[in-house]
Amino acid sequence: MIAPCLPKYEVQRLQVRSVPGRSQESHCNEYETLPHVLGFCRKGELLRNNHHHWVRNRIAEYLKNSGKFDVYEEVHCISSTGSTKCTDIIAIDNDQKIGSIIDPTIRFEGAELQTQEVDVDKKRHYEPFFPYVEEKYHIPVCHWEVIGLLFGARGTISRFCINFFHRFHIDLLDLQDIAMNEAEEEEVRFVFRAAEGRWDLC
């Protein structure tokens, strides 16, 4: 993961009880560590869901504004085994006849290969739905793909996400809105090197 560098801004901070000797959460029976609060705590589930929906809506909006894709949100699908899912975003490139199921995920930053693991996991979940989507919605494409996008809960952005924004003709500066919304717990700073087309830590 690489941390995007955001301009300095004010945030509300959340106290966590990860100091030895402090009590555990009464409702989760877990220590209030940052990974637990941002990723698993039941009291934060609604906030995490709202955060995910906000990120999904922003990506769909960026794709629509690019003028290069037909975009569908929250499409209900049935797999060949009968299981059902609701895809976050389907983007159709009518020029290249490519259909992309795009599934953004927000998780607490962890292992180095977390980005690839999320993408592989999303492919495993959504690839069985290709035939249904193509037949049900009469989408004339030659190739289907699944893209699992990992956004860090603390505002980190992976190289995988940056490459996605490049490929789908989305302004990289739009990543700033997403990353700033995510960085609720600590200040992260970034700079965009326009000449080189990349983000660097400040």
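Computed from heavy atoms alone, side chains included, the values below leave out hydrogens, waters and symmetry copies.
- There is no path of hydrophobic side-chain contacts, each under 4.5 Å, that joins F164 to I98.
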Evaluate Y62 against F165 for side chain to side chain contact (heavy atoms under 4.5 Å, CB included), listing each step before the verdict. CA-CA 9 Å; Y62 299 149; F165 271 58; 4.3 Å; yes
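- No salt bridge links K64 with E61; every basic N to acidic carboxylate O contact stays at or beyond 4.0 Å.
- At least one side-chain heavy atom of S100 sits less than 4.5 Å from a side-chain heavy atom of R167.
- With a 4.5 Å cut-off on side-chain heavy atoms, D103 and V146 do not count as touching.
- Going from atom CG of L63 over to atom CD1 of I92 covers 11.0 Å, rounded to the nearest 0.5 Å.
- Residues F168 and I59 have side chains not in contact (no heavy-atom distance under 4.5 Å, counting atoms from C-beta outward).
- Going from atom CG of D171 over to atom NE2 of H166 covers 10.0 Å, rounded to the nearest 0.5 Å.
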Step-by-step side chain to side chain contact (heavy atoms under 4.5 Å, CB included) determination, L150 to E117: CA-CA 9 Å; L150 173 64; E117 291 170 353; over 6 Å; no
Would you check, one step at a time, whether the test side chain to side chain contact (heavy atoms under 4.5 Å, CB included) holds for Q96 with H143? CA-CA 9 Å; Q96 299 188 31; H143 175 70; over 6 Å; no
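- Remark: side-chain polar atoms of H52 are paired, donor with acceptor, to backbone N or O of P104 under 3.5 angstrom.
- The heavy-atom pair separating I90 from W144 by the smallest distance is CG2-CZ3, 4.1 Å.
- Rounding to the nearest 0.5 angstrom, the gap separating the CD1 atom in I101 from the NE2 atom in H125 is 13.0 Å.
- For S79 against T81, the heavy-atom pair with the smallest separation is OG-OG1, 2.9 Å.
- Atom OH of residue Y72 and atom OG1 of residue T87 lie 11.5 Å apart, to the nearest 0.5 angstrom.
- Within a 6.0 Å radius of NZ in K123, other residues, nucleotides and ligands contribute more than 12 heavy atoms.
- A salt bridge does not link K122 with D119: none of the charged nitrogens is closer than 4.0 Å to a carboxylate oxygen.
- Remark: F160 CZ to Q114 CD distance equals 13.0 Å, nearest 0.5 Å.
- Residues passing the side chain to side chain donor-acceptor pair (under 3.5 Å) test with T84, sequence neighbours excluded: none.
- Put simply, SG on C86 and CZ on F129 are 10.5 Å apart, with the number rounded to the nearest 0.5 Å.
- The two residues I102 and A91 have their closest heavy-atom pair at CD1-CB, 4.0 Å.
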Using side chain to side chain contact (heavy atoms under 4.5 Å, CB included), reason through F151 and C161 one step at a time and then give a plain yes or no. CA-CA 8 Å; F151 294 90; C161 281; 4.0 Å; yes
